[in-house]
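Below is one structure, written out as structure tokens; comments come after it.
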Amino acid sequence: MNWMGIAGLILVVVCVGLMFVFALLHRGRPYRGLRSIPAFNRLRRAVGLAVEDGSRLHVSLGSANLLGPQAASALVGLSMLDRIAQLSSISDRPPVATSGDSTLAILSQDTLRSGFRSANALDQYDPTRGRVAGLTPFSYAVGVIPTLVDESVSANILAGHFGPEVALIADTADQHGSFTLAGSDSLPGQAVLYATAQEPLIGEELFAGGAYLQAGPMHAASLRTQDVLRWALAGGLVLGALLKLVGIL
Amino acid sequence: MADQIRCPMCSRLNPADLDVCQYCQARLKPLIAGSTPPVPPPTPPSQPETPSQNADQPSEEAPDWLHSLRGKEETGASEWDNTAESSSGEEDIPDWLSRIREKSDSGPEETAPEPPASSPPAGNELPDWLTGATFEEPAQQSQPSAPSGDLPDWLRDIREPDERSAPGPAGPASGPEEQPGDLASGGEPGWLEQLRSQQMVSDSPSAPPPSAAFSPGGAGENQIPDWLQSSPPPQPPQPPTPAEGSTGSEQPSEDLPEWLSNLMGEPPSTSSEPSILPWAAAGEEPPAQTPDFTMTGAGQPMDWGGAAVFSIPEPGEGAGSGPAQMGQENISPSLETPGETPDWLSSFGEPSPGADQVEPDWLASLENPPAQSQASVPGEPGPAVEEPQYYASLQQTPPAESPEPTPDWLEALGSDQPAPPPASEPTPALLFEESLPTPPPGEPVEPFVMADLPDWLSALGPAESGQAKESGQPPAQPSTPKGTEPAEPAEEAIVPAELPSWVQAMRPIESVAASSAAPPPSQETDQRIERAGPLAGLKGILPAEPLVAEYRKPPTYSVKLQTSESQKRYAQLLDEMLANETEPLAHRAERLISSQRVLRLVVGILVVAAVLLGSFYPFMPIPSQPAVEMSNLYNAVEALPGSAPVLMVFDYEPALAGEMESAAAPVLDHLMEKGARLSLVTTSPTGQALADRLLGSVFTPEAPDYQQPYLDRQAVIDLGYLAGGPAGIYSFVINPGLGAPRWAADNSNLQDVHSLADYRQIFLLTDSLDTGRAWLEQLAAAGPSVPGLDEVPVMLVTSAQAAPLLRPYLDSRQADGLLNGLMGGAQYEQLLQRPGVANRRWDSFAGGLLAAIVLVVVGGLVNGTLSLFSRRKTKDEA
Amino acid sequence: MKPVATAIAIAFGLIVLLGYFLPLPPLPALRDTFVGWAVILAAIATLIGVINLLAVHTNKISLQQPGNGYSLILIAAFILTLILGLWEILTSPAAPLTRQVVNSIQFPVEASLMGVLAASLAFASIRLLRRRRSLFAILFFVATLVFLVAGSGLFGILNLPGADYLQTALDRLPVFGGRGLLLGVALGSLLTGLRVLVGADRPYGG
Amino acid sequence: MFTMDVILGFVSFLLTLLVLSYILAGDNPFFRVATYAFIGVAAAYVVLVVFQQVLWPKLVLPLITGTQNGVPLTQVQRVLLLAPLLGGLLLLTKLSPGFSRFGSFPMAYLVGVGAAVTVGGVVMGTIFSQSLAAINLFPSLSQVGTAQGLVALVDALFMLIGALATLFYFYFGARTRSRQPGQPPRRSRFIEGLAWVGQIFIAITFGSLFAGVYIAALTALVERISFLLNFSPIL
């Protein structure tokens with residue numbers, strides 16, 4: 001039995017424990033101990049404006065494979081979609097979700113349905129609002145463009161796995177003057193988004209989306225756990241470096 | 001039910017003395033809105049998760065955002081809090097959550113039949129006015145919610161039993177304490193308008209049509225058919241109260257006994273009968289009950305108006321359970337939303353002028369002399385219709401028990417009978433002005449009295465009319481100065497609040513009288529007996545002829561809005577702000593977009609032109625110094641023994657095939673030269689097609705001998721496409737025989753290959769950091785399971801976009817060599833001394849890249865400078 | 001329904017996870033089996049996704065929505081390619097013609113789209129300093145320029161003294177921040193995955 | 001004579017021109033025609049690949065013949081294949097709104113397994129390996145004496161500082177200062193300081209990635225233009 005496997009299991013168990021502890025600590029009330037990320041504040045404003053002027057919100061979940069590491073970013077996108085579906089359920093135009101992967105499209109339909117149901121607006125749910133735009137990254141990117149142009153979208157939330165092709169989406173949104181908040185787990189995608197999107201989420205900020213949109217205490221708890229892990233990782237790196245220097249490792 | 005309270009959250013029964021549910025900590029007895037500041041009651045985490053509350057999240061969010069839209073973005077996510085909590089419950093209490101989810105799954109229309117589980121507001125509603133009626137509550141706490149001035153008449157009837165029994169001290173106490181309630185009433189017309197507009201958009205199944213607010217009768221038909229059938233005389237003004245119960249099916253039968261049992265300290269089963277008489281007789285009930293009970297009703301007109309959505313800020317509604325029942329989705333979260341508190345407070349402050357208008361009218365009704373309140377028997381049905389069971393109890397009351405109460409509330413009825421319509425009483429006035437034109441002189445007033453005349457009144461016999469003799473009252477009474485009312489004796493203070501429904505039915509006349517500013521008819525006029533019409537034989541009803549004789553043309557009111565100077569200034573200011581906001585912004589946006597188009601076009605043309613120019617005029621040589629990691633890769637391939645099995649992973653998209661082919665072609669050529677047996681695999685659906693392209697791009701027209709085995713695919717095997725991303729990679733890495741769809745154990749290229757550890761080298765051709773990571777991570781994860789896999793060198797051939805972050809894997813020894821991009825390919829070709837596709841494209845590439853660098857530098861600096869200037873400009877303007 | 005689905009997600013997820021960390025029989029075998037099933041299910045889901053794609057565009061055509069003509073082109077291209085591919089699969093599994101068609105349609109379009117990015121990204125970097133006024137933006141802009149120059153090989157061509165060290169430094173610099181970014185994204189992914197494994201995130205079966 | 005190569009080459013030529021028209025005219029009908037055709041072809045090809053290389057060899061063939069890639073399956077393995085078949089059938093219920101809830105089970109299974117694969121890969125493949133890589137860069141004190149060792153130490157120190165500063169740039173925890181209750185929560189001075197350093201490393205990394213993407217895009221443009229130039233004489 002390899003020690004890395006054991007260490008990995010311990011890490012996972014500790015993370016789960018911390019998440020539950022933090023979730024219990026601020027259960028029932030939103031956790032406010034988070035630094036301000038302006039992009040999320042502007043997203044709130046954009047959602048409000050979209051509801052006010054009856055335009056549509058577009059949530060793009062990227063082309064992550066559900067069986068891959070990118071799935072994490074897509075899952076965060078789904079959490080955001082759920083919240084946005086709830087918050088915009090009084091809008092004249094329900095939000096539309098596009099995906100570059102079939103499993104994500106199915107999940108986006110389920111998420112939209114549950115979002116509308118929890119907002120008692122199930123009548124607004126339309127299965128074609130959770131759609132596949134294309135099955136390869138670039139066919140997905142160009143498949144999203146008509147949605148931006150033809151469906152009077154005023155705000156785009158790109159939350160998922162996007163490569164550099166996301167520049168096509170952000171560029172089109174920019175040309176049509178619609179708001180774009182975009183985050184990707186792909187670093188080249190983030191770099192491109194920093195230059196092209198109005199409100200880019202860089203690094204881990206995408207994974208904080210659920211907590212900043214108040215998607216539930218477990219989201220805030222996982223963020224606090226992430227901070228604890230950060231300290232642990234930093235300590236481990238420094239300690240390991242010292243041990244390596246003195247020749248123990 | 002009397003000694004147990006059902007929790008509005010988890011719907012389990014709790015002892016009545018508990019304030020908080022012993023199962024889910026939900027509050028069982030919400031604070032009385034009248035007494036509490038609008039701070040919401042403690043919210044159990046589960047609460048917002050209920051469908052009803054989720055339903056109103058948006059309707060609550062909207063105002064919140066509209067707040068947040070105007071600046072204060074830095075307030076973080078507070079605006080989302082109430083909805084956040086809605087989802088927060090989700091993880092907290094899975095067991096109850098699942099129950100509630102089931103409820104919510106059953107759809108909104110199914111929430112009504114089960115108030116406890118699926119509609120906490122309904123659950124809240126009961127404790128709400130239960131607590132309002134408890135004896136512990138101090139009078140002033142509940143007073144604010146007694147906006148009798150703005151109550152519809154039927155609500156006066158609701159108040160009647162309590163006020164009738166209120167002890168003396170209530171009077172003085174009530175005067176000043178009324179104000180908050182009156183503030184609410186002062187604000188009423190405003191929100192009544194909102195109710196109408198809201199009602200239009202409201203698609204809540206339980207929401208009545210807007211007219212309901214103004215024609216309770218109609219509303220009654222919509223809302224409360226069954227109980228009404230059981231109640232003796234159908235009274236137009238009644239429906240709202242029973243309708244309150246009608247949403248939560250058993251409400252009327254449950255609420256009243258509950259309330260009475262609290263008043264009487266008796267179990268509800270017996271409450272309806274005995275409960276009335278004792279307080280009617282002895283006035284046991286403290287004044288606190290009166291306003292609270294009225295408060296319950298006070299919420300209802302809002303409710304009828306479909307006020308659910310915007311009813312939050314109305315103080316009267318804090319305790320008013322009507323909205324909680326009628327618009328269950330809407331009220332409870334508002335009570336639980338911290339964000340709402342300021343709105344609440346502001347709603348107290350705003351309508352204060354309205355309060356001044358309302359107060360006199362309301363207090364005026366307290367001013368009636370006891371003498372006039374003798375003949376109130378006809379008014380008796382008032383209470384009856386107001387609460388069916390209560391009415392029934394009155395009917396069944398044996399005369400022997402009644403003498404004591406009778407004088408008390410007969411006074412009250414009498415005194416109230418001609419009570420003028422308070423200023424804040426829109427309903428009658430509206431009915432009158434809209435549907436009833438001023439009758440010409442001489443025409444009896446009956447016709448439009450008939451319109452609202454209760455059936456029972458037409459059936460009144462002389463006996464009752466005899467009792468009605470002293471019930472006349474001049475309509476001028478309300479003009480009593482309000483300053484005096486605290487000094488009024490208790491009876492006077494309480495009595496006027498009673499208003500029999502048949503008197504309400506006549507109030508349009510009072511409106512006329514009031515609006516025509518007629519002097520009060522003399523006493524003898526009041527004493528005359530009506531001879532004709534349905535009121536024949538009644539004494540003291542409003543006289544038709546004298547009144548008609550005094551009719552003048554109603555004064556015409558100017559429609560011009562009366563505004564103060566400051567209001568005009570503010571309006572002008574707002575006008576200017578809006579103008580500034582809209583016009584220039586639109587222009588700037590247009591200009592910006594058009595200028596962007598031009599700039600975009602210029603940049604595109606320049607880049608394309610530079611690429612073309614470079615292809616014709618080569619001016620930049622290929623850098624000769626290869627990177628260390630590329631040298632490692634070259635040396636590793638060079639060190640390969642003949643016909644060694646090599647795995648090549650084609651994980652790039654067609655979009656980057658141009659670059660990847662430039663980088664990989666020389667490596668593939670080198671491998672062919674070494675006679676490596678190639679196994680091709682991909683996790684991209686298009687990978688195999690791109691592998692074909694790459695192989696085709698390597699072959700030179702005059703193919704050297706070493707390329708022959710690859711031309712006829714003898715030395716190449718296509719293992720196929722690995723689905724499932726990293727999962728597919730992992731299953732392939734663990735067991736290629738099962739993981740690869742086209743694994744052929746009998747293929748000559750796989751004779752000595754049984755696992756990935758048998759390959760001499762693994763070449764990862766990837767354009768993406770993520771697929772590269774996926775392979776490297778899965779190889780690392782499978783390392784322990786596949787002996788010897790860690791020893792197999794992994795070489796990366798990547799796009800320039802993935803290279804920077806794949807380098808760390810060189811440090812971690814997960815990869816052993818790296819070649820990236822067109823430049824890497826060109827350098828590798830130089831090492832091989834066989835110029836190929838990379839060398840051919842280098843000149844165009846260099847030209848385009850240098851042009852882009854110049855463009856970015858110049859354009860960036862210009863834009864940066866412009867933005868600096870614009871920032872300074874905006875600072876100066878500010 | 002949902003509790004059962006949640007139980008399924010947690011149970012199978014934990015078994016696969018344990019299979020990663022504890023190579024004790026039968027965990028690895030179970031993990032491989034479950035992962036294999038997931039791959040098959042994902043493949044079937046792909047078919048559903050394609051039907052969804054076609055349904056959306058068929059709706060566009062039937063409802064005469066804007067751009068319905070393009071939807072017609074999409075559906076026609078899909079059907080023609082599918083028929084050609086199926087016919088080839090029956091005749092020759094290697095399907096050379098289908099691959100050739102893909103190389104003649106998909107490759108040029110995707111490569112051209114990537115080429116379009118060359119213009120779009122140049123435009124975006126020109127506007128960057130106007131869009132963002134922060135130290136981060138300035139650093140990003142300068143770094144982009146430096147790495148573009150490095151990518152052009154100018155340092156190597158000009159044979160400046162210490163060009164090798166400069167190139168090595170430029171190769172190392174992104175790694176310093178990149179490792180932190182990779183670790184941070186990994187932490188985020190880890191906790192997001194764990195939220196699913198403990199049933200806190202349940203995107204399935206709304 | 002128009003051979004298949006020439007016809008397909010012409011199609012490529014035409015599609016390339018249509019797509020590149022975006023540079024001049026933005027989103028235009030020509031661009032739309034090319035992209036919609038591309039989406040259709042790509043989707044069809046994905047279906048073909050998935051059917052031919054996943055469903056057929058991994059599900060259909062083993063169930064029918066009892067062999068996978070020529071390897072005979074045991075009876076148990078064959079029976080176990082009914083599970084994904086059943087899951088697939090349940091998944092197909094997602095196509096009908098009435099029964100779509102039955103599709104939640106296979107979706108839950110997919111999400112659960114996907115999350116586990118993510119967690120396993122991330123922990124073993126990135127967190128541990130990258131941390132160890134950062135640590136292993138440090139030379140032992142005995143090596144630090146040499147010039148090479150010193151360079152390695154400096155490199156390792158930069159790597160450590162860069163990694164830590166970048167990690168803490170994203171630190172989310174913050175507190176509202178009691179002195180400015182109205183202000184949004186802020187991080188401690190120490191974290192803010194680290195974050196300030198971190199942004200330098202992140203900006204450099206993003207700059208290099210952006211430059212890499214740009215170089216890749218430019219290479220693609222070069223490849224397309226060279227194709228156009230090479231093919232036009234044939235026309």
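Scope of the values below: all heavy atoms of this structure, side chains included, with no hydrogens, waters or symmetry mates. This one's a predicted model, so the numbers in the text were calculated from it and none came from an experiment. So you know, we letter chains A, B, ... as the sequences are listed, proteins then strands, and number each from 1.
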Under 4.5 Å to a heavy atom of chain A? For D:Leu95 that would be neither
By side chain to side chain donor-acceptor pair (under 3.5 Å), A:Thr128 pairs with (sequence neighbours left out) A:Asp126
Turns out that what part of D:Leu164 lies under 4.5 Å from chain A's heavy atoms comes down to side chain
Okay, D:Ala134 and chain A: the region with an atom under 4.5 Å from a heavy atom over there is side chain
Taking the side chain as everything from C-beta on, heavy atoms only, tell me whether A:Thr136 gets closer than 4.5 Å to D:Tyr45.
no
### Task
For side-chain contact (heavy atoms from CB on, under 4.5 Å), just list the numbers for D:Tyr169 and A:Ile202, CA-CA rounded to whole Å, side-chain angles, deciding distance to a tenth of an Å, and then say yes or no.
CA-CA 10 Å; D:Tyr169 173 85; A:Ile202 60 173; 3.8 Å; yes
Value for CE (D:Met124) from CE (A:Met4), rounded to nearest 0.5 Å, stands at 5.0 Å
Exercise for review: Using modelled atom types only, decide if a donor and an acceptor are shared between the side chain of A:Arg230 and the backbone of D:Leu167 within a distance under 3.5 Å.
Suggested key: yes
CZ (D:Phe38) and CZ (A:Phe138) are apart, to the nearest 0.5 Å, by 8.0 Å
Scanning both residues in full, the closest heavy-atom pair of D:Phe128 with A:Gly8 reads CE1-N, 3.4 Å
For residues 203-215 of chain D, tabulate all N or O donor-acceptor pairs below 3.5 Å that involve a side-chain atom, not counting sequence neighbours.
{"from": "D:Thr205", "atom 1": "OG1", "to": "C:Pro174", "atom 2": "O", "distance (Å)": "3.1"}
{"from": "D:Thr205", "atom 1": "OG1", "to": "C:Gly178", "atom 2": "N", "distance (Å)": "3.4"}
{"from": "D:Thr205", "atom 1": "OG1", "to": "D:Phe201", "atom 2": "O", "distance (Å)": "2.8"}
{"from": "D:Ser208", "atom 1": "OG", "to": "D:Thr205", "atom 2": "O", "distance (Å)": "2.7"}
{"from": "D:Tyr214", "atom 1": "OH", "to": "C:Ala118", "atom 2": "O", "distance (Å)": "3.2"}

Taking every heavy atom of D:Leu160 against every heavy atom of A:Ala241, the minimum-distance pair comes out as CD2-CB, 4.3 Å
Review point. Do D:Val119 and A:Val12 come close enough that some side-chain heavy atom pair is under 4.5 Å?
Key: yes
Turns out that what part of A:Gln70 lies under 4.5 Å from chain D's heavy atoms comes down to neither
Among A:Leu75, A:Leu243, A:Leu242, A:Val192, the residue with the most heavy-atom pairs under 4.5 Å to chain D is A:Val192
* Asked: Can you tell if the side chain of D:Leu153 reaches within under 4.5 Å of the side chain of A:Leu245, non-hydrogen atoms only?
  -> yes
When the 4.5 angstrom heavy-atom criterion is applied to D:Val111 and chain A, the contacting part is both
Quick one: does A:Leu34's side chain get under 4.5 Å of D:Pro185's, heavy atoms only?
no
* Asked: Between A:Thr172 and D:Tyr22, is a side-chain contact (heavy atoms from CB on, under 4.5 Å) present by the stated rule, with each step listed?
  -> CA-CA 11 Å; A:Thr172 309; D:Tyr22 185 94; 3.5 Å; yes
> Is it true that a side-chain atom of A:Lys244 and a backbone atom of D:Phe138 form a donor plus acceptor pair closer than 3.5 Å?
Replying inline: yes
With chain A, the option among D:Val122, D:Val144, D:Val117, D:Asn136 that has the most non-hydrogen atom pairs under 4.5 Å is D:Asn136
Of the listed D:Ala42, D:Pro139, D:Gly121, the one with the largest count of heavy-atom pairs under 4.5 Å with chain A is D:Pro139
Rounded to the nearest 0.5 Å, the CD1 atom of D:Ile127 sits from the CG atom of A:Leu11 at a distance of 5.5 Å
Honestly, the part of A:Ala7 sitting under 4.5 Å from a heavy atom of chain D is both
Interatomic distance, OG@A:Ser102 vs NZ@D:Lys94, rounded to 0.5 Å, equals 13.5 Å
One should read off an interatomic distance between A:Asp110 CG and D:Ser100 OG, to the nearest 0.5 angstrom, of 6.5 Å
Using side-chain contact (heavy atoms from CB on, under 4.5 Å), reason through A:Thr103 and D:Leu110 one step at a time and then give a plain yes or no. CA-CA 9 Å; A:Thr103 49; D:Leu110 272 173; 3.8 Å; yes
In terms of heavy-atom contacts, D:Ile135 and A:Gly236 come closest through CD1-O, 4.0 Å
Evaluate D:Phe170 against A:Ile37 for side-chain contact (heavy atoms from CB on, under 4.5 Å), listing each step before the verdict. CA-CA 10 Å; D:Phe170 296 106; A:Ile37 297 181; over 6 Å; no
Within the distance-only criterion (no hydrogens, no angle test), does the side chain of A:Asp227 pair as donor or acceptor with the backbone N or O of D:Gly173 below 3.5 angstrom? yes
- prompt: Is D:Asp27 close to A:Gln175 at the side-chain level, that is, under 4.5 Å between some pair of heavy atoms?
  reply: no
So, the part of D:Arg175 with a heavy atom under 4.5 Å from chain A: the answer is neither
Do D:Phe172 and A:Phe207 have side chains that approach each other closer than 4.5 Å (heavy atoms only, starting at C-beta)?
no
Max heavy-atom pairs within cutoff under 4.5 Å with chain D, candidates A:Pro188, A:Gly134, A:Gly247, goes to A:Pro188
